[in-house]
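Chain letters run A, B, ... following the sequence lines, proteins first and then strands; every chain starts at 1. None of the values given here were measured: they were computed from a predicted structure.
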Amino acid sequence: MPELPEVETIRRDLEPDLTGRTITGIEVHHDDIVLAPHDPRSFRRRLEARKITRVGRRAKYLLFYLDDGSVLQTQLRMSGRFALGTELPDPGEFRHIAARLHLDDGRTLFYDDMRRLGGLRLLEGREWEAEEARLGPEPLEASYRAADLARVLAVTRAPVKNLLMDQRRVAGVGNIYASEALFRAGVDPRRAGRELTAREVKRLHRSVREVLREALDQAGTSFQNYRAVNGRSGEFQFSLRVYGRAGEPCRTCRQPIERIVQAGRSTFYCPSCQA
DNA sequence: CTTGTACCCTGACCGC
DNA sequence: TGCGGTCAGGGTACAA
């Protein structure tokens with residue numbers, strides 16, 4: 001569920017507490033959250049006694065860089081969350097603990113995942129580099145230009161909404177912010193990527209960056225599953241203009257917001273403002 | 001290559 | 001209160 005702003009918020013929450021900590025013990029309560037190539041047994045063995053040198057993020061992945069060069073990649077998918085403390089801070093909020101990482105300062109990093117679609121993946125540095133190379137550019141980097149978006153849009157017949165969600169073309173944009181960025185740019189989500197004008201591409205590029213930046217400043221969007229570390233809520237749900245607002249009036253023109261399905265996911269848009 | 005669909009899993013919600 | 005259907009910030013395997 002978390003997209004770039006949510007994962008980055010979690011990273012910022014965890015970084016000061018986890019950097020330099022050593023993992024002293026690992027408990028796995030649901031085997032299916034240990035992702036390939038490891039099984040729970042080798043996962044525990046390889047993680048034991050490793051020190052976390054850095055907490056990073058790429059696309060929607062939170063990354064723990066370890067002192068032997070390996071990388072613990074976490075995929076939160078739809079319902080993954082973290083809590084950190086000597087005890088579980090809010091047992092009512094965290095009812096599906098899938099794994100515990102015990103740390104050398106006496107605290108525990110709890111991984112909670114109700115649907116268990118996400119998980120933890122331990123990779124050699126080289127393996128992570130190969131994965132990383134398949135991801136598109138980070139849209140909040142200063143080096144990400146309208147020309148980068150134009151290049152991937154120009155060669156696709158798929159709807160622009162689907163393009164924005166494709167992690168190989170641009171990293172970190174998910175279902176909420178794809179709809180929100182398209183609304184801000186005034187672009188119909190059903191339009192074929194290659195049909196967008198240069199002017200529309202420019203607006204969309206600006207909107208993607210703007211909406212991600214604003215959401216990050218608000219610690220992300222919380223309405224169902226997403227929470228930052230220890231259950232902290234984001235605030236961007238109050239700034240959403242179309243997502244989840246089917247039938248409600250557009251904040252710009254008062255026409256009802258519509259919901260359609262694209263690639264199996266809900267898309268929300270204003271038929272009047274996004275003509 | 002690209003594009004769409006099924007699926008993984010649990011829980012909340014809605015209409016009957 | 002129960003029951004079935006639908007939906008949920010994701011990603012991947014597979015088919016066409």
Side-chain angles (χ1 to χ4, degrees), chain A residues 1-11 29-37 57-62 73-82 92-98 111-121 131-132 134-136 139 152-182 189-194 208 211-212 214-216 218-228 232-247 259-268:
Chain A
M1 39 187 296
E3 304 181 34
L4 187 157
E6 289 76 27
V7 179
E8 180 60 22
T9 298
I10 294 167
R11 191 198 68 77
H29 304 105
H30 287 287
D31 287 359
D32 45 4
I33 64 96
V34 176
L35 305 178
R57 179 196 59 77
R58 179 78 166 92
K60 302 170 192 172
Y61 304 126
L62 184 67
Q73 176 198 28
T74 76
Q75 305 190 9
L76 275 37
R77 299 276 181 103
M78 299 295 269
S79 55
R81 306 173 174 187
F82 283 105
E93 186 74 37
F94 297 89
R95 298 194 303 272
H96 305 274
I97 301 297
Y111 178 65
D112 182 279
D113 194 342
M114 178 181 78
R115 294 171 68 180
R116 297 199 305 280
L117 298 176
L120 310 178
R121 191 176 184 209
E131 290 291 311
E132 206 272 339
R134 304 165 63 172
L135 295 168
V152 294
L153 282 168
V155 296
T156 185
R157 271 179 289 271
V160 58
K161 156 74 154 37
N162 300 12
L163 187 288
L164 288 177
M165 306 244 324
D166 184 342
Q167 302 302 299
R168 295 168 306 176
R169 332 262 206 187
V170 54
V173 178
N175 208 33
I176 294 182
Y177 300 115
S179 281
E180 292 295 314
L182 286 160
R190 299 166 297 184
R191 297 267 303 284
R194 56 156 60 157
V208 166
V211 74
L212 293 175
E214 287 178 24
L216 180 53
Q218 302 285 312
T221 302
S222 293
F223 48 71
Q224 280 178 12
N225 288 318
Y226 162 73
R227 290 292 183 279
R232 182 166 77 94
S233 178
E235 303 292 338
F236 195 72
Q237 58 274 21
F238 305 114
S239 302
L240 296 175
R241 301 188 191 168
V242 289
Y243 188 86
R245 299 191 65 243
R259 174 187 176 273
I260 58 173
V261 175
Q262 296 181 285
R265 317 290 303 276
S266 291
T267 301
F268 300 88

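Among the atoms of the strands shown, none is found under 4.0 Å from any heavy atom of A/R121. Here A/G174 lies in heavy-atom contact (under 4.0 Å) with sugar-phosphate atoms only. Among the atoms of the strands shown, none is found under 4.0 Å from any heavy atom of A/R134. A/S179 comes within contact range of no nucleotide atom at all, as no heavy-atom separation falls under 4.0 Å. As judged by a 4.0 angstrom heavy-atom cut-off over every strand, A/D113 is placed among residues making no nucleic acid contact.
Remark: P of C/dG10 and CG of A/L76 are 11 Å apart, rounded to the nearest angstrom. Going from atom CD1 of A/I176 over to atom C1' of C/dA8 covers 10 Å, rounded to whole Å. Here C/dA8 presents its C1' atom at 14 Å from CZ of A/R227, a figure rounded to the nearest Å. The nearest whole Å value for the distance from the CZ atom in A/R58 to the C1' atom in C/dG11 is 16 Å. Atoms CG (A/D166) and P (C/dG10) sit 13 Å apart, rounded to a whole Å. With rounding to whole Å, A/L35 atom CG is found 12 Å from C/dG11 atom P. Between the CZ atom of A/F223 and the P atom of C/dC7 there is a distance of 15 Å, given to the nearest Å. Here C/dG10 presents its P atom at 14 Å from CZ of A/R57, a figure rounded to the nearest Å.
Look at the P atom in both C/dG11 and B/dA12: the space between them is 24 Å, to the nearest Å. Remark: the separation of the P atoms in C/dG5 and B/dC7 is 15 Å, to the nearest Å.
Separation of atoms CZ (A/R241) and OG (A/S179) is listed at 13.5 Å; rounding is to 0.5 Å.
Taking the side chain as every heavy atom from C-beta outward, A/R259 and A/T267 never approach each other to under 4.5 Å. Side chains of A/L182 and A/L164 form a contact here, defined as non-hydrogen atoms less than 4.5 Å apart. When side chains are defined from C-beta on, A/E93 counts as touching A/R227, because their heavy atoms get closer than 4.5 Å.
Judged by distance alone with a 3.5 Å cut-off, no donor-acceptor contact links the side chain of A/R265 to the base of C/dA8.
When the nearest nucleotides of DNA chain C are assigned to A/Q75 and A/S266 by heavy-atom distance, the more 5′-ward of the two goes with A/S266.
Side chain of A/N175 to main chain of A/S266: a donor-acceptor pair is present (N/O by atom type, distance under 3.5 Å, no hydrogens or angles).
In DNA chain B, the stems built from three or more successive Watson-Crick or G-U pairs (distances below 3.5 Å) are B:2-8 with C:10-16, B:10-16 with C:2-8.
Applying the side-chain hydrogen bond (donor to acceptor under 3.5 Å, both in side chains) test to A/D166 and every residue at least two apart in sequence or in another chain returns A/R168, A/R169. Residues passing the side-chain hydrogen bond (donor to acceptor under 3.5 Å, both in side chains) test with A/K60: none are found, sequence neighbours excluded. Judged as a side-chain hydrogen bond (donor to acceptor under 3.5 Å, both in side chains), and not counting sequence neighbours, A/T156 has no contacts. Not counting sequence neighbours, the partners of A/R121 by the side-chain hydrogen bond (donor to acceptor under 3.5 Å, both in side chains) test are A/Q73, A/E131.
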Go through the steps for A/L240 and A/E180 under the test side chain to side chain contact (heavy atoms under 4.5 Å, CB included), then give the verdict.
CA-CA 7 Å; A/L240 296 175; A/E180 292 295 314; 3.8 Å; yes

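Taking every nucleotide of DNA chain B with any atom under 4.0 Å from a non-hydrogen atom of chain A, the first and last of them, 5' to 3', are B/dT2 to B/dA12.
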